[in-house]
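In the text below, chain A, chain B and the rest are named by the order of the sequence lines, each starting its count at 1.
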There are 2 protein chains.
Amino acid sequence: MKTETRKDEIINTAAKLFKERGYSAVTMRDLASAMGIKAASLYNHIKSKQEILKEIIISLAEEFTQGLELIQQSNTSSIEKIEEVVKLHVNITSQNTYGMASLNNDWMHLEERRDYYLKLRSNYEEELRHIIAEGVKNDEIIDENIEIMLFSILSTLRSLYLWIPKKDYLNPEKLSQQLSTVLVKGINKKIN
Amino acid sequence: MKTETRKDEIINTAAKLFKERGYSAVTMRDLASAMGIKAASLYNHIKSKQEILKEIIISLAEEFTQGLELIQQSNTSSIEKIEEVVKLHVNITSQNTYGMASLNNDWMHLEERRDYYLKLRSNYEEELRHIIAEGVKNDEIIDENIEIMLFSILSTLRSLYLWIPKKDYLNPEKLSQQLSTVLVKGINKKIN
DNA sequence: AAAAAAAACTAACATTTGTTAGTTTGCTTG
DNA sequence: CAAGCAAACTAACAAATGTTAGTTTTTTTT
């Protein structure tokens with residue numbers, strides 16, 4: 001665990017501001033002021049405003065990709081894989097709620113890396129779609145519209161960054177478990 | 001159904017651009033150019049950039065508030081109320097996908113009306129929370145963490161603006177119905 | 001203590017931004 | 001045809017923006 005560089009501090013502070021106001025609304029002077037320095041001083045550590053955004057988003061996107069690959073390799077049922085995906089999102093989001101806001105809302109302001117990000121994202125969706133489709137085939141998952149199931153799960157997981165900060169009394173374990181229950185079993189009380 | 005004024009055209013075009021890039025990244029010159037006119041000409045129709053955002057967001061927020069009020073007055077079960085809420089979101093979002101992006105992502109750039117918006121939103125959440133809590137009390141809804149159920153449903157509904165444009169082959173009726181199924185019953189195949 | 005490296009500073013730049021003032025154009029209506 | 005109005009235009013503004021150049025201060029290493 002090596003100590004945080006000045007560049008990391010800048011990136012973390014930026015992520016916080018980007019979450020509150022969005023990338024475009026945060027100026028380099030805002031960021032500098034939040035760091036207690038002048039705008040020009042930021043450039044001793046970073047190349048451009050653009051680079052900050054890239055660092056925030058791409059590292060997170062790659063973390064998700066890598067996490068999902070591991071889950072895919074495991075030899076488990078579809079439902080269990082989905083539960084692992086829930087854990088993956090809860091864990092990454094818990095550790096970086098600020099960055100997740102940029103990932104969700106500011107990716108369009110990536111320049112050179114925009115296409116790379118979009119590719120990672122569509123691959124991710126495709127893999128998750130495949131997990132669900134397998135579950136349907138194996139009779140683990142209901143034979144409803146796959147796109148809707150995918151959409152519902154992903155929307156919930158992608159919004160975690162908004163809710164986790166509000167209720168940090170729930171630890172990631174418990175949150176993952178309860179979230180899986182709701183996503184997988186729904187909310188209705190089955191009357192047998 | 002009276003015909004769209006020039007101001008409405010500007011607001012609709014703005015909403016489209018705001019969805020793509022976010023409020024702060026869209027300049028009055030961008031907007032003018034999308035309308036085929038010069039930036040200064042916009043000011044014959046609108047008071048400020050700010051006013052455009054306000055019109056987009058507040059009208060939608062009030063539509064949701066009003067819609068939920070009607071649902072609350074109806075004398076139906078909690079699950080049925082939730083199904084009606086799903087319909088409400090699907091219908092409003094289908095009619096204004098662009099505006100929904102601003103509602104979700106650009107509300108923080110509202111100035112005078114920011115607090116009013118936040119109040120509408122928290123009231124909305126509170127009413128929905130109450131519907132769920134009633135359902136739990138009546139044994140319609142499982143006795144799980146209410147915040148998590150609320151969060152899961154709302155996240156999905158609030159993300160609809162991202163998905164509806166991608167699959168407009170589903171009409172609002174069908175989409176609402178299938179979405180309700182997934183949200184209420186979950187995705188797992190119950191083995192009785 | 002000297003040297004090297006890291007991190008801050010001041011000053012300035014070229015653009016871009018939202019907006020205003022004043023004017024012109026083209027349609028509609030009396 | 002004249003008057004009135006809606007909607008466009010040109011020109012300009014002050015402020016804000018990302019970034020660079022060059023310099024000074026502070027911290028770390030030798």
Please determine if [X] and [Y] form a salt bridge, counting it only when a charged side-chain N lies under 4.0 Å from a carboxylate O.
{"X": "A:E147", "Y": "A:R129", "value": "yes"}
{"X": "B:K81", "Y": "B:E84", "value": "no"}
{"X": "A:R158", "Y": "A:E125", "value": "yes"}
{"X": "A:K7", "Y": "A:E51", "value": "yes"}

- Query: Distance check: side-chain N/O of A:K38 vs OP1/OP2 of C:dA8, anything under 4.0 Å?
  - Reply: no
- Message: So, does A:H45 get its side chain near the phosphate of C:dA6, meaning an N or O under 4.0 Å from OP1 or OP2?
- Response: no
- Query: Which part of the nucleic acid, if any, lies within contact of A:R29, taking any heavy atom under 4.0 Å across all strands shown: a base, the sugar-phosphate backbone alone, or nothing?
  - Reply: base
- Item | Sugar-phosphate, base or nothing in reach of B:S41, heavy atoms under 4.0 Å | base
- Query: Closer to the 5' end of DNA chain C via nearest nucleotide, is it A:R6 or B:A25?
  - Reply: A:R6
Specify the separation, in whole Å, of atom [atom1] of [X] and atom [atom2] of [N].
{"X": "B:Q50", "N": "C:dG18", "atom1": "CD", "atom2": "C1'", "result": "12 Å"}
{"X": "A:I46", "N": "D:dG18", "atom1": "CD1", "atom2": "P", "result": "10 Å"}
{"X": "A:M28", "N": "D:dT19", "atom1": "CE", "atom2": "P", "result": "6 Å"}
{"X": "A:L42", "N": "D:dT17", "atom1": "CG", "atom2": "C1'", "result": "13 Å"}
{"X": "B:I10", "N": "D:dA6", "atom1": "CD1", "atom2": "P", "result": "14 Å"}
{"X": "B:L31", "N": "D:dA8", "atom1": "CG", "atom2": "P", "result": "12 Å"}
{"X": "B:E9", "N": "D:dA8", "atom1": "CD", "atom2": "P", "result": "9 Å"}
{"X": "A:I37", "N": "C:dT10", "atom1": "CD1", "atom2": "P", "result": "12 Å"}

- Task: Describe, in one word, how the ring planes of B:F18 and B:Y23 are oriented to each other, choosing from parallel (under 30°), tilted (30 to 60°) and perpendicular (over 60°).
- Result: perpendicular
- Message: Under a 3.5 Å cut-off for both contacts, is C:dT10 paired Watson-Crick or G-U wobble with anything, and if yes, with which nucleotide?
- Response: D:dA21
- Item | Base of D:dA6 paired with side chain of B:N44 (donor-acceptor, under 3.5 Å) | no
